[in-house]
Asks: 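This is the structure I have questions about; it appears just below.
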Amino acid sequence: MANTPLMPKATAVWLVDNTALSFTQIASFCKLHPLEVKAIADGEAAQGIKGLDPVLTGQLSREELEKAQTDPNYVLKLQGSKVVVPESKRKGPRYTPVSRRQDRPNAILWLVRNHPELKDAQIMRLVGTTKPTIAAIRDRTHWNSANLTPSDPVTLSLCSQLELDMEVEKAAKNAPPRPEGEVEMLMPVEETTSEEALAAAFSKPIEREVEEEIDADAVFAKLNSLKTEGDGADEEEQS
């Protein structure tokens, strides 16, 4: 039940013109500021607004109104509506504004890639599309497949983050459990940081460094032998 009467300013205009209620009482009932009610009484605000009788609309009882007029400190209580209007349930896919319809294929492609667990009916509820369109985008047979770019439907304002999370959670609950053999788990930190694991991980680089050092010594030895032979040849020529 709403705590504010229908058409608050029109109701305030009627109460100012037809009752002896104080500005504070009218402001409290219509959820306005007392200065706004005073401006209405002085003709400075709500000009041209026709007063609305809250008694005729069923928002205020005649007894409640008379009680408030006799007691300036009494706070008016809004009368609840006796007619319950059922909420209209939307059937079919979500309506998408014309300005956003060109973004739907990009949103469908994003959902298909990032949430393959979603069913076609869920995607239809989120972005307001049809099954043939979803199937064409899945099979890459859509007429504009080459130019499609995956885009988050929440960013495109096609649905809210809450709606997307609810559909993903629902799809995850209905998805069949994975076989135990396919479940991959990370190794414990103790095993990956042990001395044996570190030695195994860095064994090849260490061997390469040793080989490189041995090769470097062999090269220097070769150079020294060549230099010695060259010096001996020079001495023979001089003699």
Side-chain angles (χ1 to χ4, degrees), residues 1-104 106-108 111 118 121-130 151-170 173:
M1 182 179 64
N3 295 324
T4 305
L6 298 173
M7 303 176 65
K9 287 192 175 181
T11 303
V13 170
W14 189 91
L15 292 174
V16 167
D17 295 338
N18 298 277
T19 66
L21 297 173
S22 65
F23 294 160
T24 303
Q25 287 175 305
I26 297 175
S28 176
F29 179 72
C30 298
K31 298 298 183 284
L32 300 174
H33 195 278
L35 294 179
E36 291 184 84
V37 179
K38 184 178 183 302
I40 292 173
D42 295 339
E44 298 176 357
Q47 296 178 357
I49 296 180
K50 184 179 180 180
L52 179 66
D53 187 352
V55 178
L56 292 179
T57 56
Q59 300 179 92
L60 190 64
S61 63
R62 181 66 63 181
E63 294 77 11
E64 187 79 2
L65 185 58
E66 292 175 356
K67 188 185 299 183
Q69 290 184 99
T70 56
D71 184 4
N73 296 322
Y74 184 80
V75 179
L76 288 167
K77 297 179 178 62
L78 185 66
Q79 185 174 347
S81 176
K82 297 180 181 179
V83 180
V84 179
V85 181
E87 295 182 359
S88 58
K89 294 183 178 180
R90 176 176 54 84
K91 294 183 179 180
R94 174 194 298 270
Y95 172 76
T96 305
V98 178
S99 59
R100 293 291 182 185
R101 291 180 184 177
Q102 61 183 358
D103 298 328
R104 283 189 297 192
N106 295 328
I108 296 171
L111 291 171
L118 290 176
Q122 293 179 296
I123 298 177
M124 291 169 60
R125 284 196 296 268
L126 288 171
V127 299
T129 185
T130 60
S151 301
D152 189 347
V154 177
T155 306
L156 296 175
S157 300
L158 293 175
C159 66
S160 66
Q161 186 65 51
L162 179 60
E163 292 172 332
L164 177 59
D165 293 343
M166 289 177 62
E167 294 294 348
V168 171
E169 183 179 356
K170 187 185 300 183
K173 289 181 179 179

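Side chains are part of it too, since the values below use all heavy atoms of this structure and drop only hydrogens, waters and symmetry mates.
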Asks: Who pairs with Ala121 by side-chain contact (heavy atoms from CB on, under 4.5 Å), at least two apart in sequence or on another chain?
Replies: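 Arg125.
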Asks: Could you go through the side-chain contact (heavy atoms from CB on, under 4.5 Å) check for Val154 and Ser160 one step at a time?
Replies: CA-CA 5 Å; Val154 177; Ser160 66; over 6 Å; no
Asks: Quick check for you: to the nearest 0.5 Å, what is the distance between Ile26 atom CD1 and Lys31 atom NZ?
Replies: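 Those atoms lie 13.5 Å apart.
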Asks: Do you know which two heavy atoms are closest between Arg104 and Val127, and how far apart they sit?
Replies: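 That closest heavy-atom pairing would be CD-O, 3.1 Å.
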Asks: Quick one: does any side-chain atom of Gln69 pair with a main-chain N or O of Ala20 as donor and acceptor, under 3.5 Å?
Replies: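 Side chain of Gln69 to backbone of Ala20: a pair is present.
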Asks: Working to the nearest 0.5 Å, report the span between SG of Cys159 and CG of Asp152.
Replies: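 Between atom SG of Cys159 and atom CG of Asp152 there are 7.5 Å.
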Asks: Is there side-chain contact between Phe29 and Leu60, with heavy atoms separated by less than 4.5 Å?
Replies: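 In contact.
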Asks: Can you tell me how far apart OG1 (Thr155) and CD (Gln161) are? Round to the nearest 0.5 Å.
Replies: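 If we round to the nearest 0.5 Å, Thr155:OG1 and Gln161:CD are 8.5 Å apart.
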Asks: What's the shortest heavy-atom distance between Leu32 and Pro8, and which atoms?
Replies: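 Here Leu32 and Pro8 meet closest at CD1-O, 4.3 Å.
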Asks: Just wondering, do Trp14 and Thr19 contact through their side chains at under 4.5 Å, heavy atoms?
Replies: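 A side-chain contact under 4.5 Å exists here.
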Asks: Any side-chain to backbone donor/acceptor pair from Glu167 onto Gln122? Under 3.5 Å, distance only.
Replies: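 Answer holds: no.
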Asks: Please round to the nearest 0.5 Å and tell me the distance separating atom CG of Asp17 and atom CD1 of Ile40.
Replies: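 The CD1 atom of Ile40 is 9.5 Å from CG of Asp17, to the nearest 0.5 Å.
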Asks: Would you call Lys38 and Asp42 a salt bridge, taking side-chain N to carboxylate O under 4.0 Å as the test?
Replies: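 Looking at Lys38 and Asp42, the cut-off is met.
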Asks: Determine the minimum heavy-atom distance between Thr70 and Lys67, stating which atoms define it.
Replies: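 Thr70 and Lys67 have their closest heavy atoms at OG1-O, 2.8 Å.
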Asks: Without swapping roles, check the side chain of Gln25 against the backbone of Ala68 for a donor-acceptor pair under 3.5 Å.
Replies: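 Indeed, once roles are kept as given, a pair shorter than 3.5 Å links the two residues.
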Asks: Roughly how far apart are Leu52 CG and Lys50 NZ, rounded to 0.5 Å?
Replies: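 It comes to 9.5 Å.
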Asks: Report the distance from atom CD of Glu66 to atom OG of Ser61, rounding to the nearest 0.5 Å.
Replies: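 Atom-to-atom, Glu66:CD and Ser61:OG are 9.0 Å apart.
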Asks: Check whether Thr11 reaches the backbone of Met7 with its side chain - one donor and one acceptor, N or O, closer than 3.5 Å.
Replies: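 Yes; judged by distance alone, with no hydrogens or angles, the pair exists.
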Asks: Looking at side-chain heavy atoms only, is the closest gap between Asp103 and Ser151 below 4.5 Å?
Replies: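 They are not in side-chain contact.
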Asks: Hey, which of Ile123, Leu158, Thr129, Val168 is the one that makes side chain to side chain contact (heavy atoms under 4.5 Å, CB included) with Leu111?
Replies: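 Output: one option passes, namely Ile123.
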Asks: Can you confirm whether Val75 sits close enough to Ser28 that some side-chain heavy atom of one is under 4.5 Å from a side-chain heavy atom of the other?
Replies: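 With C-beta onward as the side chain, the pair touches.
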Asks: Taking all heavy atoms of Leu76 and all of Leu65, pick out the closest pair and write down the distance.
Replies: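 Closest pair (atom of Leu76, atom of Leu65, distance): CD2-CA, 4.3 Å.
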Asks: I'd like to know if the side chain of Thr57 and the backbone of Pro54 have a donor-acceptor N/O pair within less than 3.5 Å.
Replies: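 Yes, Thr57 side chain to Pro54 backbone: donor-acceptor pair under 3.5 Å.
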